[in-house]
Amino acid sequence: MISEELAQLLQDEASYEKDLTDPISKERLSYKEAMGRCRKDPLSGLLLLPAALEGYRCYRSASPSGPNALR
């Protein structure tokens, strides 16, 4: 359990540090702001922050995988 004061502090977005940098705009972001700009990779399901002006692209792994990979 946490105190009401701590709960309010955690919910106050003004107190969040802007310690991340947007790779495109170079704008300082909080973790929550950066997460809001992420896109979900369709293959891995991971949230990725776009880092190129031409837009988000999904890349497949260059290494072979699967049961026949060593043949």
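The basis for the numbers below is simple: all heavy atoms, side chains too, and nothing from hydrogens, waters or symmetry mates. The first residue of the sequence shown is numbered 1, and numbering continues consecutively from there.
- For the side chain to side chain donor-acceptor pair (under 3.5 Å) test, no residue two or more places apart in sequence or in another chain qualifies with K26.
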For M35 and S30, what are the C-alpha separation, side-chain angles and deciding distance, and is it a side-chain contact (heavy atoms from CB on, under 4.5 Å)? CA-CA 9 Å; M35 291 299 292; S30 69; over 6 Å; no
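- For P50 against P23, the heavy-atom pair with the smallest separation is O-CG, 3.4 Å.
- Of all heavy-atom pairs spanning L20 and A34, the tightest one is CD1-CB, 3.8 Å.
- Not counting sequence neighbours, the partners of R28 by the side chain to side chain donor-acceptor pair (under 3.5 Å) test are T21.
- L47 and Y31 fall within the same hydrophobic cluster, where Ile, Leu, Val, Met, Phe, Trp and Tyr residues are linked whenever their side-chain heavy atoms come under 4.5 Å apart, directly or through other members.
- Separating the CG atom in L48 from the NZ atom in K40 is a distance of 11.0 Å, to the nearest 0.5 Å.
- Between the side chain of Q11 and the main chain of Q8, no donor-acceptor pair closer than 3.5 Å is present.
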Show, in sequence, the C-alpha distance, side-chain angles and deciding distance for L29 and E27, and conclude whether the side-chain contact (heavy atoms from CB on, under 4.5 Å) test is met. CA-CA 6 Å; L29 303 171; E27 178 184 0; 4.0 Å; yes
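- When the side chain to side chain donor-acceptor pair (under 3.5 Å) test is applied to S3, no partner is found at least two apart in sequence or on another chain.
- When every heavy atom of I24 is checked against every heavy atom of D22, the shortest pair comes out as N-OD1, 2.7 Å.
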